[in-house]
Amino acid sequence: MKIVTWNVNSVRARLPRLTPWLEDVRPDVVCLQETKVVDELFPREPFEELGYNLVISGQKSYNGVAILSREPIENPVYGFPDDDEDAQKRVIGGVVGDVVFLNLYVPNGSTVGSDKYEFKLDWLERLHRFLSDEYDIGEKIVVTGDFNITFDDRDVHDPERWHEKILCSTLEREALGKVMDLGFIDALRKHHEEPGIYTWWDLRGGSFWKDHGLRIDHFLMSPAALEACSSVTVDRDQRKGKGPSDHAPVVAVLD
DNA sequence: ATGGTGGGTTCCCCA
């Protein structure tokens with residue numbers, strides 16, 4: 001089973017690049033973030049024509065998540081249990097075969113100490129509670145998406161410049177660490193210990209060509225899922241050329 | 001240290 005996470009920064013704007021890539025790579029499950037469209041306007045047809053089932057949860061202008069899957073998606077999950085009606089659309093999940101998926105768009109947090117930063121930390125606590133209450137770490141679980149957090153300085157092109165900055169600060173790393181303590185493992189690090197593997201580069205200032213990147217898109221796997229995971233790779237080519245997202249897709253294979 | 005780009009909608013927000 002080939003699994004993808006990709007923050008596409010608008011599913012409609014990315015279609016010309018997304019659908020040919022799906023035809024080429026042929027993933028089984030695709031977790032998208034920042035779809036930036038309400039459900040009624042989501043472009044379902046191009047994906048259904050490629051043979052995908054969809055679950056979507058979007059809103060106007062911001063956020064939005066979706067899962068595409070060749071096999072049916074059972075037991076869909078939309079948001080946190082304690083979300084209210086106007087909650088930001090950042091969580092979608094479901095079960096494909098014997099694999100439990102949760103696809104997340106973690107809040108960015110803006111700047112350390114801001115209201116948005118506090119919202120991010122609170123949101124991560126709610127994520128922890130949700131996973132702790134409603135998921136069984138003994139199953140094959142894949143929690144993936146745009147976490148907007150680097151695990152450590154290996155994930156940062158210039159750790160001094162980013163020291164205690166947003167996406168790299170101690171409190172958000174600790175909040176993610178608490179989630180990991182439920183028994184999840186950073187799947188990419190099973191296969192790659194070296195620094196310098198990134199998934200996001202700012203669109204501004206030619207960051208990609210300077211390789212000024214961060215690794216903020218992750219696959220958190222339960223032990224049973226990790227056992228089956230034979231590779232995790234970043235498709236940097238999708239950050240190249242005309243009209244890229246600021247994120248590259250990350251591809252994991254479960255045997 | 002700053003500003004740079006891009007998407008979606010609005011006369012500016014968010015990343």
Side-chain angles (χ1 to χ4, degrees), chain A residues 5-21 30-44 46-47 56-66 86-92 103-124 127 144-150 155-169 171-173 175-176 198-218 234-250:
Chain A
T5 183
W6 196 356
N7 178 322
V8 289
N9 187 21
S10 169
V11 67
R12 289 179 293 182
R14 218 58 59 212
L15 271 181
R17 173 183 280 271
L18 187 46
T19 49
W21 186 81
V30 183
C31 295
L32 302 177
Q33 305 88 35
E34 277 207 274
T35 53
K36 290 187 168 179
V37 63
V38 293
D39 296 348
E40 302 76 58
L41 297 177
F42 191 100
R44 305 182 75 101
F47 302 111
I56 59 180
S57 178
Q59 66 184 86
K60 191 173 160 185
S61 301
Y62 307 119
N63 310 313
V65 282
D86 55 352
Q88 299 178 7
K89 304 299 190 189
R90 297 178 173 276
V91 177
I92 195 162
N103 174 26
L104 307 173
Y105 176 44
V106 177
N108 171 282
S110 187
T111 53
V112 173
S114 66
D115 288 349
K116 290 195 175 77
Y117 185 69
E118 295 304 319
F119 177 77
K120 180 182 197 174
L121 295 177
D122 180 63
W123 194 95
L124 288 163
L127 171 64
T144 188
D146 176 3
F147 285 78
N148 270 316
I149 304 173
T150 54
D155 300 338
V156 183
H157 72 91
D158 185 343
E160 280 184 34
R161 183 163 127 192
W162 284 86
H163 180 69
E164 292 301 336
K165 295 287 194 300
I166 197 65
L167 317 180
C168 302
S169 73
L171 284 180
E172 54 195 301
R173 284 179 177 176
L176 178 56
Y198 310 131
T199 64
W200 171 85
W201 301 258
D202 201 314
L203 286 164
R204 298 163 287 190
S207 297
F208 181 70
W209 302 110
K210 301 175 196 161
D211 203 21
H212 288 182
L214 302 176
R215 188 173 73 97
I216 56 176
D217 301 270
H218 304 302
V234 181
D235 189 348
R236 292 174 58 103
D237 287 346
Q238 284 310 308
R239 187 59 180 75
K240 300 174 183 173
K242 186 173 155 62
S245 168
D246 44 352
H247 297 251
V250 188

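Treat the numbers as computed from the prediction; the structure is a model and nothing was measured. A note on names: the letters A, B, ... follow the listed sequences, proteins ahead of strands, and every chain is numbered from 1.
Whole-Å rounding puts the A/R90 CZ to B/dA15 P distance at 7 Å. Put simply, NZ on A/K89 is 19 Å from C1' on B/dC14, counting in whole angstrom units. Spacing between atom CZ of A/F119 and atom C1' of B/dC14 amounts to 14 Å, rounded to whole angstrom units. Atom-to-atom, CD of A/Q59 to P of B/dC14 comes out at 12 Å; the value is rounded to the nearest Å. Taking atom CG on A/L167 and atom C1' on B/dC14, their separation rounds to 13 Å, with Å as the unit.
Looking at A/K165 and A/D158, no side-chain N of the basic residue comes within less than 4.0 Å of a carboxylate O on the acidic one, giving no salt bridge.
A tilted orientation is assigned to the rings of A/H218 and A/F147, their planes being inclined by 30° to 60°.
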Exercise. Reading nucleotides 2-9 of chain B 5' to 3', which nucleotides get B (base under 4.0 Å from a protein heavy atom), which S (sugar-phosphate only), which -?
Worked result: --BBSBSS
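Between B/dC14 and B/dG4, the distance separating the two C1' atoms is 15 Å to the nearest Å. Separation of the P atoms belonging to B/dT10 and B/dG6 is 22 Å when rounded to the nearest angstrom. Taking the C1' atoms as reference points, B/dC13 lies 9 Å from B/dT9, given to the whole Å.
Among the protein residues, A/Y105 comes within range of the sugar-phosphate backbone only, with heavy atoms under 4.0 Å from sugar or phosphate atoms but none that close to a base. No contact: A/K242 has no heavy atom under 4.0 Å from any strand.
The nearest pair of heavy atoms linking A/L15 to A/P43 is CD1-CB, 3.8 Å.
For residues 104-115 of chain A, the side chain to side chain donor-acceptor pair (under 3.5 Å) pairs, not counting sequence neighbours, are A/E34-A/Y105.
Surrounding CD of A/E160 are at most 12 heavy atoms belonging to other residues, nucleotides or ligands under 6.0 Å away.
For the pairing with A/H247, the side-chain contact (heavy atoms from CB on, under 4.5 Å) check across A/T5, A/I216, A/N9, A/V8 returns one residue only, A/I216.
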